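Have a look at the structure below before the remarks.
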There are 2 protein chains.
Amino acid sequence: MLTEQRKSLLLDRLRADGRLVAKDLSLELAVSEDTIRRDLRELAADGLLKRVHGGALPLAPEHGPLVRRVGLKTDEKAQLARLAAPLVTSGSVCFVDGGSTHAALLNALPAELDATIITHSPTIAAATERLPRVTCILIGGTIYKQSMVALGAKAHGALGDLAFDVAFIGGTAFAPDRGLMTVDREEALFKAAAAERAASVAVMLTAEKIGASAPFKIMDAAAITTMIVPDVPLPDTLTASTDVLLS
Amino acid sequence: MLTEQRKSLLLDRLRADGRLVAKDLSLELAVSEDTIRRDLRELAADGLLKRVHGGALPLAPEHGPLVRRVGLKTDEKAQLARLAAPLVTSGSVCFVDGGSTHAALLNALPAELDATIITHSPTIAAATERLPRVTCILIGGTIYKQSMVALGAKAHGALGDLAFDVAFIGGTAFAPDRGLMTVDREEALFKAAAAERAASVAVMLTAEKIGASAPFKIMDAAAITTMIVPDVPLPDTLTASTDVLLS
DNA sequence: TTTTTTCGTGCATATTCATGCAATATCGCG
DNA sequence: CGCGATATTGCATGAATATGCACGAAAAAA
């Protein structure tokens, strides 16, 4: 393994996982911890990451409510993202909803991926920058501060002439009998419209959303093609109609 | 084995494997490591790969252009941004172009600002998150990787029914006789269309852009209402029709 | 506090690199 | 064909780089 190659691998890993642990990396890459520490020191000197005791963290964990959420459950989301990433196949056309979980998905996509990503989230769109072969179509409209995505008539209209191979749809709550839910009516309508235009629907859920409830229904559980969830007990009713990827 | 043949084989191998290791190649091709190293040196000089200790790697696509630019001239841009921020007055409706300079502008806006910001840049839109009283309208369309903004027919159409108090327009070059210019025709058309819909046009320019040239004209110097520039000598011809803020 | 883990530095070793030089091969041209 | 010019290759040498280990300091954990 070339030194420079290892360093860029570290940076990729940092982007995907949100942190680096020197000890784990030394085992995984079969080099001494000293070597990893040296790498981290040099990358930090180049201003590419921030050294901390035990490993390293991204430089500017951008501020703001959304990113604060990103900071939470980082591991869980990164793990879900690694599971979900293969669903974005080469040549496919994917809708990606907003939210920190989907931001983690973007970070987990391989750099050489060749696909089309359609989103109404400026954060997701910005994350496509590192993917040179990905075409990104941004759906415009009025940005809703609560979730930082474009919604409203304009955004709805822009969906009109699109069709997706896969739609990654997020929500704030999920229950087998009530389906996928969220806290805002406008959001729910948009997510439902996006899901309807997709050949398959993928839903990534962190543990605390499962079994919870929220006022506005996005879609039935049966409409979900693939669920990506942590390895927690799930009702059997799900597995009948839905693929479930467990982390 | 001919030298050129070997070199092109090296490039093929680099594409396939994502890296080259000098020692392995010398064994495999039955030539000395010196020969391989010489090849790599020459290929690197031709800009076809990146030499590293032990071999070579593909040319670094790693640095996203925007990310890299954000890191550069940070101080200068922040200073321009402080000057330009008061142009975004309470209650006004502003168009903000993409680019790292405008990202700095967003960072310089006061948290209590109450205004409407319209942009075709996902990065700018994401930056409005920390401004709770700012309404953001995102212009959608196909994202152009080069500049990470939405362009094309969709984006153009979305401009149609909008009018701005101020438009912040960027460019890659400016000269008093040639006006504001950029490197892409599609970009130039969009910027011009945005500027036409604004009561006043503000242009923030870092020093290296002044007096430079680029192929596509956005607008005449006379169409610029306010220029925000570093404190460098400027032709008198400007000050006649344009406000100039010096840092 | 005590204990454990991680860090930084200095140092030793192994690998890789750049340079100069010589041997050989190839080409250009009369 | 002959002969010089140029290019290619391999080798030797000293420099630069990469890595691992040891040891005391610093930080985190108990």
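Since this is a predicted model, take the numbers as computed values, not measurements. Naming: A, B, ... by sequence-line order, numbering from 1 per chain. All values below come from the heavy atoms of this structure, side chains included, with hydrogens, waters and symmetry mates left out.
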Quick one: what's the B/S/- string for nucleotides 12-23 of chain D, heavy-atom cutoff under 4.0 Å, read 5' to 3'? B----SSBBBB-
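- Aromatic ring pairs are classed by plane angle as parallel below 30°, tilted from 30° to 60° and perpendicular above 60°; the pair A:Phe95 and A:His120 is tilted.
- Judged purely by distance below 3.5 Å, without hydrogens or angles, the side chains of B:Lys77 and B:Ser100 pair a donor atom with an acceptor atom.
- Side chain of A:Lys145 to backbone of B:Val134: a donor-acceptor contact under 3.5 angstrom is found.
- Applying the ring pair (Phe, Tyr, Trp, His ring centres under 6.0 Å) test to pairs two or more places apart or on separate chains, none has a residue in residues 11-55 of chain B.
- Counting non-hydrogen atoms under 4.0 angstrom, A:Val52 reaches the backbone sugars and phosphates but no base.
- In this structure, A:Lys23 places its NZ atom 14 Å from C1' of D:dA29, rounding to the nearest Å.
- Side chain to side chain, A:Thr172 and A:Lys209 fail the donor-acceptor criterion of an N or O pair below 3.5 Å.
- When atom types are taken as modelled, the side chain of A:Arg130 and the backbone of A:Leu106 share a donor-acceptor pair closer than 3.5 angstrom.
- Protein chain B touches strand DNA chain C; the 5'-most and 3'-most nucleotides with an atom under 4.0 angstrom of its non-hydrogen atoms are C:dT16 to C:dT19.
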Is there a salt bridge (Lys or Arg N to Asp or Glu O under 4.0 Å) between A:Asp17 and A:Arg82 once you walk through the steps? CA-CA 10 Å; A:Asp17 295 353; A:Arg82 273 195 289 276; 2.7 Å; yes
Salt bridge (Lys or Arg N to Asp or Glu O under 4.0 Å) between B:Arg51 and B:Glu42, intermediate numbers included: CA-CA 10 Å; B:Arg51 284 222 64 192; B:Glu42 289 160 14; over 6 Å; no
